[in-house]
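A note on names: the letters A, B, ... follow the listed sequences, proteins ahead of strands, and every chain is numbered from 1.
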There are 2 protein chains.
Amino acid sequence: MAASGKGSGERATVVTLARLAGVAASTVSRALKGDPRISLATRRRIASLATARGYMPNVLARTLASGRSGLIGLVLGSVENPFYAELMQEAVAQASTRGLRLLLLHAGAGAMEDRTAEALLQYQVDGCLITSAELSSHAGRICAAHKVPVVMVNRVPLLHASAVACDNFQGGQAIADMFGAAGLRRFAVIRGNPDSSTSLERERGFVERLTADRLQAPLRLEGGSTYLGGFAAGQAIARMAKPDRPDAVFAVADIMAIGAMDAFRLAGLAVPKDISVAGFDGIAASSRPAYDLTTVAQPLHEMVTRALDLLNARIADTDLPDETVLLRGMLKVRGTVRRGA
Amino acid sequence: MAASGKGSGERATVVTLARLAGVAASTVSRALKGDPRISLATRRRIASLATARGYMPNVLARTLASGRSGLIGLVLGSVENPFYAELMQEAVAQASTRGLRLLLLHAGAGAMEDRTAEALLQYQVDGCLITSAELSSHAGRICAAHKVPVVMVNRVPLLHASAVACDNFQGGQAIADMFGAAGLRRFAVIRGNPDSSTSLERERGFVERLTADRLQAPLRLEGGSTYLGGFAAGQAIARMAKPDRPDAVFAVADIMAIGAMDAFRLAGLAVPKDISVAGFDGIAASSRPAYDLTTVAQPLHEMVTRALDLLNARIADTDLPDETVLLRGMLKVRGTVRRGA
DNA sequence: ATGTTTCATGCATACGTTTGCGCTGCTACA
DNA sequence: TGTAGCAGCGCAAACGTATGCATGAAACAT
C-alpha cells in the first residue's frame, strides 16, 4: 500500500470535496459546520466524503478568512519552579480538550520581549495566557493595543488584563494561623521574587496575620523563588544560635521550602523537631515522603479552567470588562510542622 | 474619505503600505525581504514606512501563500520527569532565536493521539520535534504520510524519522566502568519506561559491560521512569538483608535515582557509605547538595541545536535521508559513589 | 541610431476558507 | 392561478501574502 494510505495523492480541500460531491465549495464549508441551511442528506454525504478522503481543514486559511485562529499564546517565564511546569501541562491538556492550541512563547530577558510580543501578533493569537512576572507589563500593553484579550495566571494584573490567581493573601494568613495554633512563636519568612505580586501577597498575608495576633514579626530572608535561594536562606537560618533561631519558617514557594529543608537536613537540624517548615503551591515534590511538606496547594485545575473561561468570554466579546478571579488554596497540613501546642 | 482612511487604528498590511508608498503590493513584499531586485532606495523607503506604521506581517497569510508556516510542532509527553521540562525550555529558547515558533502539543493517552496528529496537520507545521515515547509511532506515521519532517529527541527512531539522542548505551557502560573501578561488586539497575528505547539502551550498556567484565549481573527493578517508581525500588532494596543487598544502584534516570536516594535515607541507609547510587540525565536537581548525584549528563543544548539543524535541513529538502545523531553524555562523578577501591 | 541586456517594478493569480447576498425552484395560501 | 415565502444551494468577494511573468525604461554594445 502507498505511503499515504488514504487520500489519492492530493491533500483534500473544500474545493476538491466540492468537486467530488458536485456542489459548491461554500456548501461544503457550511455542511461541515452543520449549518442547518444545508439539507441533512447533503450534510451527511459531504461528511462521509470528507472522512473518506481524510479531509483536514487548513486552520491557517480559516484564520485568514474568519479572523479566528484557535491559537492561544502561552507566555512562560522560567520553568525552574516546577509549579510552572505543572501549570503548563494542565494548560496544554485543557486547551486541547477545548479545541484550542497553544503557541508557546518564552519570556526571556530584555530583547526577547519584543520578539515574544511580535509573535503573538504575527500568529494572530485569539488570546493570551501570561504566567511570567517580568514581561507582563510590556507584552500586556502590546496585546491591549491590538485588542488581544489577556489573562494572567498566578498574577494579579498590573494593567489592562484579567487574571486568575490563588488567594495568596488568605493563604499566607492560613499559614500564620496554623503556626500559631501549633504553639510556634519565632518566625521567619523566605521571600520570593520581589517583582511577583504573588510572592508579596503571600508574605503580606503571613506577616499581617502574625501582627494582628500579636505574635512576633518574622525574620525576613530573600529566596528569589528558586531552590538555591531557599537553600541559602536555610543555611543562614541553620547557622543562627539556637535561642535566636526561628522555630517556624514559611517559604512563599514550595521549591524554596524544599531548598531550605535540604539545608536544614545537611546542617543537622531536624524537621519538624527543631524547626517547622511550610511552603506554598502544592507542587508534586511537596508530597514526597522525603519532604512531606505542609503547604497551601493551589487549585491548579480550577485555575486553568477559569482562566480559559475568562479568555473565551473575552474572545467572544472584546469589550467585556476586566475581571479578577481569586480562588482559595487548600491548606495541607503535613509532617513538617510540629504538632500540638 | 473611504479612500484615504489612514487611521493609525488600522492594522498595516502590505496593501496599506503599498498605497502609502505609491508602489505595488508585490514590491512591498519583496522590499521587506530585502530582494535585490528592488532598488536600495525603495527598500529603505518602504522599510522605514513599515516601522513607522508598526507593520507586522501576517504569518498565517504568508503560510497560505508560501506553504511555510515557521511553526514547529513540539510533542511532549508528561513533564513529570524534569528532564523534559528542561528540554522544552531549551527548545523554546533556541527555536525562538532561529525565528521558529513552537506549537505545543501534548501527547496524552489513546484518543488524544489523533487530536494531536490532527493539529500538526491543521496548523501546517513545517516540522515536528517529538520527545514522547508513547505516541512516536502513530504520529510519526501520520507526519511521514504528509511529508512533515520529524526529528525525535532523546529517542531513537522506530520508523521513518531522524533522531538526536545521547549515546545511552555508552553512558550505561560508563556507569558500569565507574562502579567497577570503585570496587563495587553487587549491582542493581532501576529500569525505566519499558517502551522507551532510551531507558533500554542505558540498561543494556550497563548490563553488557558488567557481563563483559565478568562482574555480577545486576538485580533488575522496575522504576517506570518516575520519582515514585524510583522510590519504591529504593524501598525494595532497603528491605533486603545486608548480605544480599546491592552495594551499587544505577537508576536509568536521575528522577528515579533521586527517588531511590530518598527511600534509602528514610530507611536509614547512608549514601554512599552503605550503598552507591548513579543516575542518568543530569537534571538540575541532581547537582543539589542534598543529592550530589553521580550521573551522566546529557548535552541538552547541543542536542536541541542538532535537532533543529536536522529539522531545518529536512524542511529545506524533504527528500533528505533520515539521520540519527548520537551525542556523548558526560559522566559526572559526584558524592553518591564510594571512592577508591 | 538600432538592437540587446539589465534593472526596477507592476499585474495577476494562487493559497484554502468563510460569508453576505442572491438565485432557483417548490410549497402553500389566498 | 398568481404570488409570497422558504428551503437549499451557488456566486463571488474577501482575508494578506508570495511569486511567475510581463512591462517599461535606462544602459550598453554594435
Query raised in the report: Between atom CD in B:Q122 and atom P in C:dG16, what is the gap in whole Å?
Result: 15 Å
Report summary line: Residue set satisfying side-chain contact (heavy atoms from CB on, under 4.5 Å) with A:P299, at least two apart, ordered chain then number -> A:C166, A:E302, A:M303, A:L327
Might you list the N or O atoms of the protein lying below 3.5 Å from N or O atoms in nucleotides 23-26 of chain C, with each pair's distance?
none

Query raised in the report: Which residues pass the side chain to side chain donor-acceptor pair (under 3.5 Å) test with A:S39, sequence neighbours left out?
Result: A:T42
Query raised in the report: For the pair made of CZ in B:R68 and P in D:dG16, what is the distance, rounded to whole Å?
Result: 24 Å
Query raised in the report: Would you say a side-chain N or O of B:Y55 is under 4.0 Å from OP1 or OP2 of D:dT17?
Result: yes
Requested in this report: For A:L311, check side-chain contact (heavy atoms from CB on, under 4.5 Å) against everything at least two apart and list the hits.
Outcome: A:I72, A:L129, A:P149, A:V151, A:I315
Report summary line: Rounded to whole Å, the CG-P distance (A:L64 to C:dA14) equals 16 Å
Query raised in the report: When we call it a touch if two heavy atoms are under 4.0 Å apart, what does B:T42 touch: a base, just sugar-phosphate, or nothing?
Result: sugar-phosphate
**Report entry** Under the side-chain contact (heavy atoms from CB on, under 4.5 Å) test, residues paired with A:L300 that sit two or more places apart
**Finding:** A:F83, A:E86, A:L87, A:E90
Query - Whole-Å distance separating the CZ atom of A:R19 from the C1' atom of C:dG16 - result: 13 Å
Requested in this report: Among C:dT18, D:dG16, D:dG10, find the nucleotide with the atom closest to the side chain of A:R62.
Outcome: C:dT18
Query - Qualifying side-chain hydrogen bond (donor to acceptor under 3.5 Å, both in side chains) pairs with a residue from residues 303-321 of chain A, counting only residues at least two apart or across chains - result: A:Q94-A:T305, A:R98-A:D309, A:S162-A:R314, A:R314-A:E323
Query raised in the report: What is the bend of the helix from C:dA1-D:dT30 to C:dA30-D:dT1 when you compare the axis at one end with the axis at the other, using five pairs each and rounding to 10°?
Result: 50°
Report task. Starting at atom CG of A:L121, determine the distance to atom P of D:dT17, rounded to an integer number of angstrom. Result -> 13 Å
Query raised in the report: Given the rule in the side chain to side chain contact (heavy atoms under 4.5 Å, CB included) test, do B:L103 and A:L102 qualify, once you have shown the distances and angles that lead to the verdict?
Result: CA-CA 6 Å; B:L103 187 66; A:L102 293 181; over 6 Å; no
Query raised in the report: Can you name the residues that form a salt bridge (charged side-chain N to carboxylate O under 4.0 Å, His left out) with A:R37, not counting sequence neighbours?
Result: A:D35
**Report entry** Set of residues satisfying side-chain contact (heavy atoms from CB on, under 4.5 Å) with respect to B:V156, sequence neighbours excluded
**Finding:** B:S197
Query raised in the report: Between atom CG in A:L40 and atom P in D:dC9, what is the gap in whole Å?
Result: 11 Å
**Report entry** Side-chain touch A:Y55/A:V14, heavy atoms, less than 4.5 angstrom
**Finding:** yes
Requested in this report: Can you sort out the partners of B:D126 under side chain to side chain donor-acceptor pair (under 3.5 Å), two or more places apart, ordered by chain and number?
Outcome: B:S69
Could you go through nucleotides 19-22 of chain C and list every protein N or O atom that sits under 3.5 Å from one of its N or O atoms, giving the distance for each pair?
unit_1	atom_1	unit_2	atom_2	d
C:dG20	O6	A:R30	NH2	2.7
C:dC21	N4	A:R37	NH1	3.4

Query - Distance below 4.0 Å between A:S39 side-chain N/O and D:dC9 OP1 or OP2 - result: yes
Requested in this report: Measure from CG on A:L17 to C1' on C:dT17 and round the result to the nearest Å.
Outcome: 12 Å
Result block: side-chain N/O donor-acceptor pairs under 3.5 angstrom for residues 24-34 of chain B, not counting sequence neighbours:
none

Requested in this report: Remember a base hit wins even if backbone is also touched, and classify A:V59 as base, sugar-phosphate or nothing at under 4.0 Å, heavy atoms.
Outcome: nothing
Query raised in the report: Rounded to whole angstroms, how far apart are CG on A:L60 and C1' on C:dA14?
Result: 16 Å
Report task. For the side chain of A:I38, starting at C-beta, report the closest nucleotide among C:dG16, D:dC9, D:dT17. Result -> D:dC9
Query raised in the report: So, A:N154 and A:Y84: side-chain donor and acceptor under 3.5 Å apart, yes or no?
Result: yes
Query raised in the report: So what does A:V23 hit on the nucleic acid, given a heavy-atom distance under 4.0 Å: a base, only sugar-phosphate, or nothing?
Result: sugar-phosphate
